[in-house]
Protein chains: 2
Amino acid sequence: MTSERIVAIFGATSVVPEIVVSRLPQYVRALTSLNDQGVSVVSSQQLGDMIQMTPAQIRKDLSYFGRFGKQGRGYSVKFLLGELRRILGLDRAWKVCLVGVGRLGRAILSYPGFGPQGFDIVAAFDADPRQVGQMVGGIMVQPMHRMEEVLDEFGIQIAIVAVPVSQVQEVFSQLVGCGVGAIVNYAPTNPQVPHNVRVRNIDPVLALQSMTFYLS
Amino acid sequence: MTSERIVAIFGATSVVPEIVVSRLPQYVRALTSLNDQGVSVVSSQQLGDMIQMTPAQIRKDLSYFGRFGKQGRGYSVKFLLGELRRILGLDRAWKVCLVGVGRLGRAILSYPGFGPQGFDIVAAFDADPRQVGQMVGGIMVQPMHRMEEVLDEFGIQIAIVAVPVSQVQEVFSQLVGCGVGAIVNYAPTNPQVPHNVRVRNIDPVLALQSMTFYLS
DNA sequence: GTTTGTGAAGTATTTCACAGCC
DNA sequence: GGCTGTGAAATACTTCACAAAC
């Protein structure tokens, strides 16, 4: 995977591979679970057992960002969790907008897992005039032409897209034009975006299709 | 990524990396779209432009399975699509069960994207006695203890899991014990499974958390 | 005695580049 | 002239293995 961001530590400069960054949230999740269980110290071996990774990989990944452990003892769960959350920018709340309030969009709005993790869906848009003005999950659905204004007003940098394939590229272009830097895409297609915009696709059909090869 | 399956072609034997298999469904999706548009021939360059991959990678990936193109012309869309669908096992219908018919499970059941792609959700299970016996999306919710019997009856090898984190490991173990070989997991946790069982996780929160690092 | 942090070694994956074919 | 298929080269990523720290 491509190298993706330069991090300066003690004046030295090193590049963190994107694949390493993509694993940090899993560490955060495991550490949160340990913390909730009252565990105060964990070794890379134990953490690796929890999430099916080798201890060496965990230590190597962490070493891109600093030295968080103690030889002979392991890592303080609270300290490492705090550091990783800070590194990932999870020590703050993020405002998120949803584009597309159809069946899937409404399911996303009613999913209770985003808020507690610091992702607040505070605005929703739809191209359908019949949806605009309706209240969905406590949010007033806005017309597409108000996007720039609304994103600005709330300081939104993240979008979740749940529109039909035929509209995805246009929606992405508009979001990027409004300064959005990260998009979760639920539509089964890969829109073009500039290199400085991150996209993660959620596609259960692709997930299924990538496994049938291995079934009898 | 680890090598994963041995394919014999003309008596020769080669190992296909799992990462290559995981990209084939994207090729299938792009080729399906081209076919629907009436395009009959495509080059690796054009295909690469559609899905943001290099032409060399596409050609290399395809070369693990055979020789599907014509020098100077490119690939027949219909032919390549058919071959890839056959290779992935998408030239048949797959029966799928859902475990967990709460809010998320019901959204999955009502998602219209699975059936047309050959994945039919034909059974549903839940541990909650109040759910058992109810009809959800035309399917009768079964108790967990009938899993083996029902999977056998329908010939189900694929499961979708949408249960609370606290129940995921137990559900996975039961599914594996019933012979399921592929699982799409919507719960935010990584259960242990034997190496011969495939798992794909769907987790929008993890997706969001892996992008905030790159935002200002 | 245990476990980290990390260069070095080992694999895996991607890209190059070109012969061969249309 | 254009494009595939593919060894070889380049790059990316993972694992090893051990000195240093507790």
Side-chain angles (χ1 to χ4, degrees), chain A residues 1-7 9-10 12-24 26-27 31 34 39-77 79-80 83-84 87, chain B residues 1-7 9-10 12-24 26-27 31 34 39-77 79-80 83-84 87:
Chain A
M1 200 155 285
T2 54
S3 57
E4 288 298 341
R5 180 170 148 181
I6 291 170
V7 169
I9 301 164
F10 302 135
T13 274
S14 86
V15 170
V16 182
E18 174 154 2
I19 195 167
V20 170
V21 174
S22 76
R23 281 192 291 259
L24 300 188
Q26 294 192 247
Y27 303 157
L31 289 164
L34 288 169
V39 177
S40 65
V41 174
V42 70
S43 69
S44 58
Q45 174 75 61
Q46 295 170 309
L47 203 49
D49 290 344
M50 286 180 72
I51 54 185
Q52 288 97 233
M53 282 184 200
T54 64
Q57 176 156 83
I58 293 172
R59 295 201 302 276
K60 189 70 159 179
D61 284 356
L62 297 178
S63 77
Y64 283 100
F65 302 95
R67 299 147 59 95
F68 306 113
K70 291 217 195 320
Q71 281 103 328
R73 297 190 31 72
Y75 301 88
S76 156
V77 170
F79 175 69
L80 182 55
E83 288 296 290
L84 288 179
I87 289 163
Chain B
M1 200 158 283
T2 54
S3 56
E4 290 296 341
R5 179 169 150 182
I6 291 170
V7 169
I9 302 164
F10 303 133
T13 272
S14 85
V15 171
V16 181
E18 174 154 3
I19 196 166
V20 170
V21 173
S22 76
R23 280 192 292 259
L24 300 188
Q26 293 192 247
Y27 302 157
L31 289 164
L34 288 169
V39 177
S40 65
V41 175
V42 69
S43 69
S44 57
Q45 174 76 62
Q46 295 170 309
L47 204 49
D49 290 343
M50 287 181 71
I51 55 185
Q52 290 96 232
M53 282 184 199
T54 64
Q57 175 156 81
I58 293 172
R59 296 200 303 276
K60 189 71 159 180
D61 283 357
L62 297 178
S63 76
Y64 283 101
F65 302 96
R67 299 148 57 93
F68 306 114
K70 291 217 198 319
Q71 281 104 331
R73 295 189 35 70
Y75 301 88
S76 155
V77 170
F79 175 69
L80 182 55
E83 288 295 291
L84 289 179
I87 289 163

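Please read these numbers as outputs of a predicted model, since none were measured by experiment. Letters A, B, ... are given to chains in the order of the sequence lines, protein chains preceding strands, and every chain is numbered from 1.
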>> Do B/Val21 and B/Ile87 make a side-chain contact, defined as non-hydrogen atoms from C-beta onward lying under 4.5 Å apart?
In response: no
> Can you tell me if the side-chain N/O atoms of B/Tyr64 get under 4.0 Å from OP1 or OP2 in C/dT14?
Replying inline: no
> Is there a donor and acceptor pair closer than 3.5 Å between the side chain of B/Arg67 and the base of D/dG5?
Replying inline: no
> Can you check side chain to side chain contact (heavy atoms under 4.5 Å, CB included) on A/Val20 and A/Phe65, steps first, answer last?
Replying inline: CA-CA 10 Å; A/Val20 170; A/Phe65 302 95; 4.0 Å; yes
> Atom CZ of B/Phe68 and atom P of C/dC21: how far apart are they, to the nearest Å?
Replying inline: 19 Å
> With a 3.5 Å cut-off and just heavy-atom distances, do the side chain of A/Lys70 and the base of C/dG5 make a donor-acceptor pair?
Replying inline: no
> Separation of A/Ile51 atom CD1 from D/dT14 atom C1', in whole Å?
Replying inline: 15 Å
> Tell me: CG of B/Leu62 to P of C/dT15, nearest whole Å?
Replying inline: 15 Å
> Rounded to whole angstrom units, what separation is found between the CG atom of A/Leu80 and the P atom of C/dT3?
Replying inline: 16 Å
> Quick one: is A/Gln71 getting a side-chain N or O under 4.0 Å of the C/dT2 phosphate, OP1 or OP2?
Replying inline: no
>> I need the CD-C1' distance between A/Gln46 and C/dT2, as an integer number of Å.
In response: 12 Å
> Hey, does B/Arg59 reach any base, or is it just sugar-phosphate, or nothing, if we go heavy atoms under 4.0 Å?
Replying inline: base
> Once you round it to whole Å, what is the distance between C1' of D/dG1 and CD of B/Gln45?
Replying inline: 16 Å
>> With a 4.5 Å cut-off on side-chain heavy atoms, are A/Tyr75 and A/Gln46 touching?
In response: no
> So which one's nearest nucleotide on DNA chain C is more toward 5', B/Ala56 or A/Asp61?
Replying inline: A/Asp61
> From the list C/dG20, C/dT15, D/dT6, which nucleotide is the closest neighbour of the side chain of B/Thr54?
Replying inline: C/dT15
>> Please determine whether a side-chain nitrogen or oxygen atom of A/Ser44 lies at a distance below 4.0 Å from atom OP1 or OP2 of C/dT3.
In response: no
> In whole angstrom, what separates B/Ile19's CD1 from D/dT11's C1'?
Replying inline: 14 Å
> Does a donor on one side chain and an acceptor on the other come within less than 3.5 Å for B/Asp61 and B/Gln57?
Replying inline: no
>> Quick check: on DNA chain D, is the nucleotide nearest B/Tyr75 upstream (toward 5') of the one nearest A/Gln57, or the reverse? Name the residue that is more 5'.
In response: B/Tyr75
>> Assuming nearest nucleotide by heavy-atom distance, tell me which of A/Arg73 and A/Lys60 is located more 5' along DNA chain D.
In response: A/Lys60
>> Within the 4.5 Å heavy-atom criterion, are A/Leu34 and A/Met50 side-chain neighbours or not?
In response: yes
> Taking CD from A/Glu83 and C1' from C/dG5, how many angstroms apart are they, rounded to a whole number?
Replying inline: 16 Å
